[in-house]
> 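Before we start, here is the structure in question, set down as C-alpha cells.
Keep in mind the model is a prediction, meaning the values are calculated, not measured. Hydrogens, waters and symmetry mates are skipped; everything else that's a heavy atom, side chains included, is used.
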Amino acid sequence: MDKVNMEHMLAIEEPFLKVPLEQLKRSVRQMQKLVEREMAAVSNELGEALKNQYRLTPEELQQTVDGLIERLQVLKRKLEEANQEEAQLIQKSKRRAIELQELKSFETTSHPLFQQWCRRRLDRVLVDYMLRNGNMRTAQMLVEESQLEHFADTSLFSLVMAIEAELKESHSCRGALEWCAENRSALRKIQNPLEFELRLQEFIEMARAGNKEGAIAYAKKHMVSWSDTQLPRIERAMALLAFSPATTCPPYRAMFDQARWQTLADSFRTVIFQLYNLPAQPLLHLLLQTGLSALKTPACVSEEPSEHNRNCPVCQTETLGKLARDLPLSHHVNSNLVCRITGEKMDEDNPPMRLPNGYVYSQSSLNDMATKLDGKIKCPRTEQTFKLSEATKLFIS
C-alpha cells in the first residue's frame with residue numbers, strides 16, 4: 001500500500017495558509033492607522049474648540065461637537081465592518097488549517113477519505129486557476145457546488161481583476177494608486193517602485209494631452225520625493241515635455257507607447273502576489289509540471305518527431321509540452337522500454353522483439369501487424385518487410 005507523503009503534499013500549500021493571514025494582518029494595520037489618524041484629528045479639533053470656546057457662539061460650538069460625533073460614528077461603522085471581515089478571515093484560516101491537518105489521519109493513498117480530500121484539492125486548484133484568469137462567475141459556481149467558500153480567495157482576485165481592468169481598459173491609475181497608498185510601508189519594505197511607475201504614467205498622460213503646466217506641477221508634488229532612487233527617469237520625464245506623442249525618438253516613443261498600460265497591469269499583479277505570498281504561476285501549472293518533470297526524457301525534446309511517444313504528455317508540444325519546455329530532464333535509475341507503435345510499456349507479459357534490421361517493438365504490436373498482413377510484419381521506420389518468425393525475443397533483466 002502507498003503511504004501518504006505529507007511533505008510532498010504540503011510542498012505547495014504555503015500560499016493556501018498564508019493568504020488569509022496576510023489579509024488579516026494588513027486589515028489590522030490599516031484599521032490601526034485609521035483609528036490613530038481619526039482620533040488625532042478629533043483630539044486636535046476638540047482642543048481648538050475648547051481653546052476658542054469663549055469666542056464661539058453656542059451654535060458654532062454645537063456644530064463643532066456634532067461634526068466630531070458624526071466623524072466618530074463613521075469611524076465606528078468602519079471598525080464594525082472591519083471586525084466582521086477580520087472574523088471571516090480568522091474563520092477562513094482555521095478551516096484551511098483543519099483541511100491540511102486532515103492529511104495526518106490518512107495512512108495510505110487508498111483511504112476513501114483521502115480520495116475525497118484530493119478531489120477537494122483539485123477543485124481548489126481549479127478555482128485558483130479560474131480566478132487568476134478572470135473567470136469569476138465560473139469559479140463562483142464551482143465554489144458553491146463544492147462548498148469551498150473558506151478555501152477560495154475570491155475577494156483578493158476580484159481586487160486584482162478590478163484594478164487590472166482599470167489600468168488596461170480605462171487607462172486610469174486611481175485604483176492602483178489608492179492601493180499603493182494603503183500598502184506604502186509594505187512596498188517600501190520590498191523596495192518596489194510601482195507607485196512611482198503609476199505617477200510617471202499620469203505625468204505622461206498629461207504630457208500627451210499637452211497640459212505641460214499641469215505635468216510640471218504634478219511632478220513637483222508627486223515625483224520629486226523619488227529623486228533619490230529615480231532621478232535619471234524623472235529627468236527624462238521632464239525632457240518628454242519637449243516631444244510630441246508622434247515622436248520617433250526611441251526613449252520617448254517608448255514612454256508614449258500605450259503598451260505601458262499592460263506593463264503596469266503586469267507589474268501590479270506581480271507585486272500584489274508577492275505581498276500575499278502567491279506564486280506567479282497558477283497552482284494547476286505547478287502540479288502539472290511536477291508530474292511532467294518526472295516524465296521528461298531526451299526523446300521528448302528531440303527535433304525528430306519520430307522520436308516522440310504518442311502517449312507521452314511531454315511529447316505533445318502544442319499542449320502539455322509547453323508547460324514542460326523549461327523543465328529539467330528526469331533522472332531514471334531504471335529505464336522503461338516503450339513500444340513506438342502502441343505506446344505501451346514492454347515487460348515480461350509484452351516482451352520486446354528485435355527485427356533483423358535492429359529495430360525493437362513490442363510483441364503485441366507485431367502480432368497485431370502479422371494478423372493484418374498475413375503473417376508478415378513491416379518496420380515502420382524503414383518500410384522493410386519480414387516474417388514474424390524472424391523477430392527475436394529479448395529478455396528484460
> Are there over 12 heavy-atom neighbours, none belonging to Arg174, within less than 6.0 Å of that residue's CZ?
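Counting other residues, nucleotides and ligands, CZ of Arg174 stays at 12 neighbours or fewer.
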> Through direct or indirect side-chain contacts below 4.5 angstrom among Ile, Leu, Val, Met, Phe, Trp and Tyr, which residues connect to Ile69?
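Besides Ile69, the cluster holds Val65.
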> Is the number of heavy atoms from other residues, nucleotides or ligands within 6.0 Å of CD (Glu7) greater than 12?
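No, the 6.0 Å shell around CD holds no more than 12 heavy atoms from other groups.
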> Do other residues, nucleotides or ligands put more than 12 heavy atoms under 6.0 Å from the CD atom of Gln191?
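It does not: Gln191 CD has 12 such atoms or fewer within range.
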> For residues Phe243 and Tyr252, establish whether the separation of their ring centroids is below 6.0 Å.
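Under 6.0 Å, so yes.
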> Give the C-alpha distance, both sets of side-chain angles, the deciding distance and a yes or no for side-chain hydrogen bond (donor to acceptor under 3.5 Å, both in side chains) between Gln62 and Asp66.
CA-CA 6 Å; Gln62 184 64 43; Asp66 290 343; 2.9 Å; yes
> We want to know whether Gln262 and Asp266 form a side-chain donor-acceptor pair, criterion being a heavy-atom distance below 3.5 angstrom.
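Yes, because at least one side-chain N or O of Gln262 sits under 3.5 Å from a partner of the opposite role on Asp266.
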> Tell me, with the steps shown, if Ser365 and Ser362 meet side-chain hydrogen bond (donor to acceptor under 3.5 Å, both in side chains).
CA-CA 5 Å; Ser365 65; Ser362 67; 3.1 Å; yes
> Set out, in order, the CA-CA distance, both residues' side-chain angles and the distance that settles side-chain hydrogen bond (donor to acceptor under 3.5 Å, both in side chains) for Arg354 and Tyr361, then state yes or no.
CA-CA 7 Å; Arg354 183 173 63 84; Tyr361 302 96; over 6 Å; no
> Using a strict threshold of under 4.0 Å (side-chain N to carboxylate O), is an ion pair present between Arg96 and Asp153?
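Salt bridge present between Asp153 and Arg96.
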> Count the heavy atoms of every other residue, nucleotide or ligand shown that sit under 6.0 Å from CD of Gln258, and state whether that count exceeds 12.
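More than 12 within 6.0 Å, yes.
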> Kindly assign one of parallel, tilted or perpendicular to the pair His171 and Trp261, based on the angle between their ring planes and the thresholds 30° and 60°.
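Parallel: the ring planes of His171 and Trp261 meet at under 30°.
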> Could you check whether any side-chain N or O of Arg208 sits under 3.5 Å from a backbone N or O of Pro245, counting only pairs where one atom can act as donor and the other as acceptor?
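It does not hold such a pair.
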> So, applying side-chain contact (heavy atoms from CB on, under 4.5 Å) with His150, which one of Gln88, Arg95, Glu99 is it?
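Single pass found, and it is Arg95.
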> If you count the non-hydrogen atoms of other residues, nucleotides and ligands that lie under 6.0 Å from CG in Asp326, is the total more than 12?
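Open: at most 12 neighbouring heavy atoms sit under 6.0 Å from CG of Asp326.
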> Hey, is CD on Glu70 packed in by over 12 heavy atoms from elsewhere, all under 6.0 Å?
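For Glu70, atom CD is not crowded (no more than 12 foreign heavy atoms under 6.0 Å).
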> What is the ring orientation for His111 with Phe106, classed by angle as parallel under 30°, tilted 30 to 60°, or perpendicular over 60°?
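His111 and Phe106: tilted rings.
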> What heavy-atom pair brings Ile377 and Leu366 nearest, and what distance separates the two atoms?
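Reported closest heavy-atom pair: CG2-O, 3.5 Å.
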> Does Glu182 have any side chain to side chain contact (heavy atoms under 4.5 Å, CB included) partners at least two apart in sequence or in another chain, and if so, which?
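Here the qualifying residues are Gln30.
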> Students often mix this up, so state it plainly: with edges at 30° and 60°, are the rings of Tyr218 and His222 parallel, tilted or perpendicular?
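Aromatic pair Tyr218/His222 classed tilted.
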> Between Gln201 and Glu205, is any side-chain donor less than 3.5 angstrom from a side-chain acceptor?
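The criterion, which ignores hydrogens and geometry beyond distance, is satisfied for Glu205 and Gln201.
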> Can a side-chain donor-acceptor contact be found between Gln384 and Asn357 if the only test is distance below 3.5 angstrom?
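Side chains of Asn357 and Gln384: pair found under 3.5 Å.
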> Check whether NZ of the Lys or CZ of the Arg Arg124 lies under 6.0 Å from the centre of the six-membered ring of Phe16 and within 45 degrees of that ring's axis.
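Yes - Arg124 lies over the ring of Phe16, closer than 6.0 Å to its centre and within 45° of its axis.
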